[in-house]
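Scope of the values below: all heavy atoms of this structure, side chains included, with no hydrogens, waters or symmetry mates. In what follows, chains carry the letters A, B, and so on, assigned in the order in which the sequence lines appear, proteins first and then strands, with residues in each chain numbered from 1.
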Number of protein chains: 2
Amino acid sequence: MLAIGTLAKKTGTKVQTIRYYEQIGLMNTPGRTAGGQRRYEVDDLDRLAFIRHSRQLGFSLDAIREMLELADNPQYPCEEVNQIAARQLAEVENRIDRLMSLKTELSRMVTQCQGGHVADCRVLKVLRDHSECLTEHGQSGQAGFNIHPLV
Amino acid sequence: MLAIGTLAKKTGTKVQTIRYYEQIGLMNTPGRTAGGQRRYEVDDLDRLAFIRHSRQLGFSLDAIREMLELADNPQYPCEEVNQIAARQLAEVENRIDRLMSLKTELSRMVTQCQGGHVADCRVLKVLRDHSECLTEHGQSGQAGFNIHPLV
DNA sequence: CTCATATCTCTAGTGACTTGAGAGTTTAGC
DNA sequence: GCTAAACTCTCAAGTCACTAGAGATATGAG
């Protein structure tokens with residue numbers, strides 16, 4: 001008997017996102033009030049918590065869908081779920097490595113720029129000229145690694 | 001006198017991406033051959049290299065646009081560029097922290113799941129039940145941090 | 001001149017949502 | 001019971017940074 005907003009609050013999800021999950025078949029279609037509003041069971045809360053938590057861990061919706069399917073059929077071997085998690089772990093480690101390199105480089109850039117004009121700004125120099133770069137970005141444009149906007 | 005494919009190869013960019021950058025006004029509109037093909041100068045190569053390198057460091061296209069504008073006016077103070085980079089650095093650090101938490105949890109999940117069926121798989125339990133989670137994800141759903149798909 | 005390769009434009013698709021408009025529903029207080 | 005605020009509904013479109021594909025045209029080496 002939970003309204004969508006309650007579900008949203010309890011899981012830190014936006015209402016629209018929950019409807020989106022329903023739309024793409026990740027969440028089951030809930031019951032409705034006479035007036036047409038969604039009303040959820042505690043099971044739905046669990047499922048959404050699972051989804052959100054998995055998302056926070058970096059799983060894609062496809063991976064989550066896969067895991068939910070496995071979870072819905074408890075006779076499946078644990079092995080498969082574990083493989084998904086292991087694959088995920090490797091990716092996380094990879095991503096951490098890359099970010100550490102970026103951090104090194106950005107720190108260096110930021111600390112070296114003390115006042116002055118853009119004309120002789122270290123940040124721009126480093127960005128303009130790859131050779132000033134300490135870290136390697138050899139495999140640029142490779143599949144599987146998306147560049148994510150931060151600023 | 002560089003064709004778009006050459007530019008693409010030299011910077012590790014896809015041809016379509018270069019045209020996209022032109023379309024959104026990040027790259028200048030290049031000259032054309034009689035037959036209508038784009039021909040670039042070395043300046044364009046530099047600019048593209050700057051863009052790609054910045055992207056690899058995680059700057060958004062908007063931030064890059066901002067920096068390019070500053071760079072085009074060398075009398076501006078360096079301070080602004082530096083602030084962009086500093087902001088970027090903070091984000092990278094934040095992201096690393098989060099990923100480290102994920103790594104901890106995933107490692108724990110993976111090592112604790114040894115065979116058996118999904119019914120008693122730790123991975124699913126941990127993902128379903130936030131309380132089993134060692135790390136904190138209190139500020140879930142917050143703006144400014146996108147969850148990125150890995151699997 | 002031929003022909004493989006490169007390039008052209010244009011449209012649509014990706015993932016994981018987010019935003020907004022405009023209308024209807026529920027609920028708390030009186 | 002009534003009203004007003006808060007919540008919810010559907011549907012469409014927008015976001016970011018590309019990526020993919022179709023079908024037509026251009027270029028350059030031999």
note: Tyr20(B), atom OH; dG13(C), atom C1'; distance rounded to Å ~ 14 Å

Residues passing the side-chain hydrogen bond (donor to acceptor under 3.5 Å, both in side chains) test with Tyr21(A), sequence neighbours excluded, are Arg52(A)

Separation of dA16(C) atom P from Asp62(A) atom CG, nearest Å, is 7 Å

Using OP1 and OP2 only, check whether a side-chain N or O of Arg65(A) sits under 4.0 Å from dG15(C). no

To the nearest angstrom, the CE-P distance between Met1(B) and dT7(C) comes to 16 Å

Under a 4.0 Å heavy-atom criterion, the protein footprint on nucleotides 5-10 of chain D, written with B, S and -, is ---SBB

Contacts satisfying side-chain hydrogen bond (donor to acceptor under 3.5 Å, both in side chains) that involve residues 28-37 of chain B (not counting sequence neighbours) are Gln37(B)-Arg39(B)

| Taking only N and O in the side chain of Thr33(B), is any of them less than 4.0 Å away from OP1 or OP2 of dT27(D)? | yes

Walking DNA chain C from its 5' end, the first of Ala34(A) and Tyr21(A) to be reached, judged by nearest nucleotide, is Tyr21(A)

From CD of Gln23(A) across to C1' of dA16(C) the rounded distance in Å is 11 Å

Contacts of Glu69(A) meeting salt bridge (charged side-chain N to carboxylate O under 4.0 Å, His left out) (sequence neighbours excluded), chain-then-number -> none

Taken to the nearest whole Å, CD1/Ile24(A) to P/dT18(C) is 12 Å

Legend entry - Ser60(B) vs dC16(D): side-chain N/O to OP1/OP2 distance below 4.0 Å: no

From CD1 of Ile18(B) across to C1' of dT19(D) the rounded distance in Å is 14 Å

Across all chains, not counting sequence neighbours, the side-chain hydrogen bond (donor to acceptor under 3.5 Å, both in side chains) partners of Thr17(A) are none

Report task. Find out whether Ile64(B) and Phe50(B) are in side-chain contact, i.e. whether some heavy atom of one side chain is under 4.5 Å from a heavy atom of the other. Result -> yes

Leu61(B) CG to dT19(D) C1', in whole Å, measures 14 Å

- Task: Carefully, step by step, assess Leu7(A) and Leu48(A) under the rule side chain to side chain contact (heavy atoms under 4.5 Å, CB included).
- Result: CA-CA 8 Å; Leu7(A) 217 64; Leu48(A) 181 57; 3.8 Å; yes

Residues passing the side-chain contact (heavy atoms from CB on, under 4.5 Å) test with Arg19(A), sequence neighbours excluded, are Ile4(A), Val15(A), Gln16(A), Arg38(A)

Whole-Å distance, Lys14(B) NZ to dT14(C) P, equals 16 Å

